[in-house]
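Contents: one structure, followed by commentary.
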Amino acid sequence: MIELVDLTKKFKQMYAVKNLNMFIERGEIVGLLGPNGAGKSTAISMLSSLVEPTGGDVRFDNKSILKNPAAFRKIVGMVPQNIALYTDLTAEENLLFFGRIYRLGGKELNRKVDEVLEQIGLTDRRKDVVKNFSGGMQRRLNIGVAMLHDPEMLIMDEPTVGIDPQSRNYILETVKRLNEERGMTVLYTSHYMEEVEFLCDRIYIMDKGNLIASGTKDEIKQILSSEKTILIRADRINGKFVEALEQHSLINRVTIGEKEVTILVPREANVFSEIIKLAESTGLELLSVDNKTPTLEDVFLHLTGRALRD
Amino acid sequence: MIGILLAKLKSFIRNPWTFLIFTGMSMFFAFIFGGANVDKAYVPIHAVNDEIKDSFIGQQIEEQEGFQFSWMTEDELKEKIETGNAEIGVILQENDFNIIVGVDSFNTSLVQQIILGIYHEKKEREQILLAAGQDVSDKGNILSEMDQVMERPIFNLESASFRGEGAFVYDNSLHRIFGFSLFFVIYTIAYNVLPILTEKRDGIWDRMILSPLKKSEMYVANLLYSFITGYFQVLVIFSMFRYVIGVDFHGRFLETLLLLIPYVFSVVALTILISAIVKNSQQFNAVLPLLAVSMAMIGGAYWPIEIVESKLLLMLAKINPLTYGMEVLQGAAVYGYPLEELLFPISILILMGVVMTGLGIHLMERRHI
């Protein structure tokens, strides 16, 4: 359906996106994962024909959308990262406004507005001014506006930033339902790996403008097949213990948290007794040592040496 | 396009404070400095005898409009000067007068000119009587006949001056109303153009770009809305002064309103250009007051541009829409120029508007496909 071919965006001497190649098939939910500043928003702005790329192409059904974006724009709904709404207007007035710019009118528009309000759970608040809404409600309306014209594809740029867990779950469930019930194709960008793990069939991981991994969840986690993650918790992590871990020949990577240390070790290695010995010798009071199931966060850590939310 | 206008109108009705604040400020300042006649300087005056007060001199003084002359005793007059309640005072004698100066200002020479002129006129009338050889009993008749003849002269003598050669008429009330209106409307228009920046930042424009809406419709709707609110503000201010306070537009009220159109258009264009150059609303908010106040200062909104002597400021005034806006309004209402006389500043305003709109939209569009 959509194909990005060597898509590149350069601002002065800096590459925001460099030679990005990806594809999205009809009916898929594809995740674009990466930390802030990875180039996700620039990539989807180019994909949605809003920003002109420095190089490469975006193809929709094998036709470039750069020269003729109209056909693609008809089938796409955009959910920007910010609240792209008129906050002095009510929820209903916003939906009516955005419906009209999509040339909807009369009974059809009213029916669509009712339907969307129902889907995003704001029917009871339709007459309320948006600026009085909670962050979660504003986010839901932000998504609702993008669904008014029944798009085939929804592009969502970090749609859950800064909202409460309840609203986040509501949004994730709504996206899942849209995909399952209507076969809606979704490109979902986020730096919350648990959202992407929950929603997406396939995942692309970006960092510093480059694509560093892609595939299904399992395929990506296979990157860590040769290693396992061990989580060490203690009352207070001391420098000597960390130094000892870093110097240990079996430990590939050490990441330090406030009350925990994460280490990557070869899958076959048994380092539990070694860790307990090191703790004893450096005066560290251990709380727990756990063998962790690998997550996308671990994959990202493995590939870049940084956590996703750094 | 209609949809965008309606949405903006609804937002305006729910949140009209920017409009109301700048309209109120504009009216307040114009009223304080122009409409309330506080510029009429207070001048205490005393006549050494009551005959002078009742004579031609006293009558002429009371007809003066430029100053507020107030009769009192000599002691009261001196007290007013000493306590700083008046800058100057005048003591009238039979054939002479004294001016007591407390604070030396340009009012001193103006008052001196006025009183001197009255005494000259009195002397002229006495000379006419003398030349006519009339006795005292016919004095009233010959002077009243002369006054009647002077009201219906055989020849009408009109004096005119070419623009730019130094002659200027100053109507304080109108100048303040025009000046403050043109100044504050910059803010009203700018704060209606500013949402373009925030809508772009928040993604509302991206949503509209992805819709079947044409870019031209988006720009026209936004510019039209800014123009309408700006024009409506000036309309409210002018109507308030014309119909409520009773300021005389010298019969050119309607023309004044129509001639505002090019100015409002050029200010909309200017704010579009600013919003295209700045990177965010914080920069816009920082640049706007600097620009608006500078424009008002060198464009003659606060004081008549005719008193500015600096060549640099006068040169900058030539690229300032407010200069031409003031020129058009003053030309119509104060100087009574016909439309042909005003075509030059009107053309410049339209040209500025077209160039700045084009440049502004071009700069805004560089980012998008």
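No part of A/Phe72 comes within reach of chain B, as not one of its non-hydrogen atoms sits under 4.5 angstrom from that chain. Residue B/Arg207 touches chain A through both its backbone and its side chain, counting heavy-atom pairs closer than 4.5 Å. With a threshold of 4.5 angstrom between heavy atoms, A/Asn94 does not approach chain B through any atom at all. Heavy-atom distances place no part of A/Leu96 under 4.5 Å from chain B, backbone and side chain included. In this structure, the portions of B/Ile4 lying under 4.5 Å from any heavy atom of chain A include both its backbone and its side chain. Both the backbone and the side chain of A/Leu89 come within contact range of chain B, each with at least one heavy atom under 4.5 Å from a heavy atom of that chain. If you measure heavy-atom distances from A/Ala146 to chain B, the contacts under 4.5 Å come from both the backbone and the side chain. For A/Phe97, the part sitting under 4.5 Å from any heavy atom of chain B is the side chain, from C-beta outward, and nothing else.
The number of heavy atoms from other shown groups lying within 6.0 Å of CE (B/Met240) does not exceed 12.
Donor-acceptor pairing under 3.5 Å is recorded for the side chains of A/Thr160 and A/Glu195. A donor-acceptor contact closer than 3.5 angstrom is absent between the side chains of B/Asn192 and B/Lys8.
Among A/Arg100, A/Arg103, A/Lys74, A/Gln81, the residue making the largest number of heavy-atom pairs under 4.5 Å with chain B is A/Arg103. Heavy-atom pairs under 4.5 Å with chain A were tallied for B/Leu210, B/Ile13, B/Ile2, B/Leu213; the largest tally goes to B/Leu210.
Taking the six-membered ring for Trp, B/Phe227 and B/Phe232 have ring centres at least 6.0 Å apart.
Between A/Tyr102 and A/His149, the ring planes are parallel. Angles under 30° get that label, and only those over 60° would be called perpendicular. Using a 30° and 60° split on the angle between ring planes, A/Phe98 and A/Tyr86 fall in the parallel class, below 30°.
Atoms CG and CD1, from A/Asn62 and A/Ile2 in turn, are 10.5 Å apart once rounded to the nearest 0.5 Å.
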